[in-house]
Number of protein chains: 2
Amino acid sequence: MTPSPAPQQRMTKQRAAVLEALEASTEFRSAQAWHDRLRHDGSTVGLATVYRALQALAESGDVDAVVTDSGETLYRRCEAGEEHHHHLRCRLCGRAEDIDMPEFERWADRIASQHGYSRIDHTVELTGVCEACAAEGRG
Amino acid sequence: MTPSPAPQQRMTKQRAAVLEALEASTEFRSAQAWHDRLRHDGSTVGLATVYRALQALAESGDVDAVVTDSGETLYRRCEAGEEHHHHLRCRLCGRAEDIDMPEFERWADRIASQHGYSRIDHTVELTGVCEACAAEGRG
DNA sequence: GTCTTACTGATAATCATTGTCAAAACGAGG
DNA sequence: CCTCGTTTTGACAATGATTATCAGTAAGAC
Ligand SMILES: [Zn+2]
Ligand SMILES: [Zn+2]
Ligand SMILES: [Zn+2]
Ligand SMILES: [Zn+2]
């Protein structure tokens, strides 16, 4: 294989717009929802570009991504820096809280090795209805 | 709303075949994978029918369903009866172990209410590479 | 400015899943 | 066993989120 010539990143108008949209909210939204918001805010960014930007950001750890039960991927800006964490997310409005659970991490590793499994990964997501949404009687 | 006239279930050849296939394995497979297996075993069951059967079984709690990171839904027969449980699944072959974690359940409820969230639901899945797959050097 | 190369956006393609609907199969009752 | 109202089936179209294409655009190094 070739020594992979270090891929460069360029800060474009579009990427900046996506970043700005992400910064303006702490809620989980789908790529299409972010795209809608950008268009409504006057941007002419293309849908594919939004997908690409969000995926790149998710890979680099700058945004959090979760997959819903229906298979949709939701993104939001990551508030917790590099650190591994989980979420408590409102199913109705996308609001989310960062959750830390170091005990779980250790427990998962132990259980896995007890069963002979290696290269462990895990998915932990809590969903519910936030106080505001409950008050409005949504859902 | 109408008194919902008690929906009946009929045991058809196709549903029996799906059940039989599920009984013959403890591994998580996609609807399409189960369909393939059924066709290879001589059945002429249609793909849509397999989807319908698996969904019905999942709703009734007779099979476990998980959504992968890529959005695909995997099914396998449920070994743990009605009881709520989680899985440690091999990413390569679909093998899975049932995992119980009552502490987590309690913890999740507590965290959620501390943040003012109600109607809590949760997703906890562990994935890894099982001993057999690791031995074969797959992945 | 010039040039190389990554990026963009309109659009087509993919792929799992769901909807449609006429034909076939259940199974209760006779 | 035969009949009949329902449920189920299966081939195929449709959906909807995501990805691939590819010609044109624009970072940013020099
Ligand atoms: Zn909410
Ligand atoms: Zn974790
Ligand atoms: Zn395995
Ligand atoms: Zn649980």
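So that the names make sense, note that chain A is the first sequence line, chain B the second, and so on, each numbered from 1. No hydrogens, no waters, no symmetry mates; every other heavy atom, side chains included, goes into these values.
- Sorted by first then second residue, the side chain to side chain donor-acceptor pair (under 3.5 Å) pairs that include residues 54-71 of chain A, not counting sequence neighbours, are A:S60-A:D62, A:D64-A:H85, A:D64-A:H87, A:T68-A:S70.
- Between the side chain of B:R15 and the base of D:dT8 there is no donor-acceptor pair of N/O atoms closer than 3.5 Å.
- Closest-nucleotide positions on DNA chain D for A:Y75 and A:R10 were compared, and the one nearer the 5' end corresponds to A:Y75.
- Nucleotide C:dC7 holds its C1' atom 15 Å from the CG atom of A:L19, rounded to whole Å.
- Of the two residues near DNA chain C, A:T44 and B:E72, the one whose nearest nucleotide lies more 5' is A:T44.
- Between A:A48 and B:M11, the one whose closest nucleotide on DNA chain C sits nearer the 5' end is A:A48.
- Protein atom CG of A:L54 is 10 Å distant from nucleotide atom P of D:dT18, rounded to whole Å.
- Between B:R29 atom CZ and C:dT17 atom P the separation is 15 Å, expressed in whole Å.
- Checking the phosphate oxygens (OP1, OP2) of C:dA6, no side-chain nitrogen or oxygen of A:T12 falls inside 4.0 Å.
- For A:H35 and D:dA17, the NE2 to P distance is 13 Å, given to the nearest whole Å.
- In this structure, A:T73 does not reach the D:dA17 phosphate: none of its side-chain N or O atoms is under 4.0 Å from OP1 or OP2.
- Taking side-chain N and O atoms only, A:Q14 has a distance below 4.0 Å to OP1 or OP2 of C:dG9.
- The nearest whole Å value for the distance from the CH2 atom in A:W34 to the P atom in D:dT18 is 15 Å.
- Taking the side chain as every heavy atom from C-beta outward, B:Y117 and B:I120 approach each other to under 4.5 Å.
- Rounded to an integer number of Å, the gap from B:K13 NZ to C:dG27 C1' is 14 Å.
- Checking C:dC26, D:dG10, D:dT18 against every side-chain atom of B:V45, the shortest atom distance belongs to D:dG10.
- Between the A:R76 side chain and the A:A96 main chain, a donor and an acceptor come within less than 3.5 Å of each other.
- Residue A:R52 is in base contact, counting any heavy-atom pair closer than 4.0 Å across all strands shown.
- Considering only side-chain N and O atoms, B:T49 lies under 4.0 angstrom from the phosphate OP1 or OP2 of D:dG10.
- Rounded to an integer number of Å, the gap from A:D69 CG to C:dA16 C1' is 16 Å.
- Under 4.0 angstrom from either OP1 or OP2 of D:dT8 there lies at least one side-chain N or O belonging to B:Q9.
- Considering only the side chain of A:Q32, D:dA17 comes nearest among D:dA17, D:dT9, C:dT4.
- Side-chain N/O atoms of A:H35 and A:H40 include no donor and acceptor closer than 3.5 Å.
- Inspection of the A:H115 and B:E131 side chains reveals no N or O donor paired with an N or O acceptor under 3.5 Å.
- Rounding to whole angstrom units, CD of residue A:Q8 and C1' of D:dC30 are separated by 14 Å.
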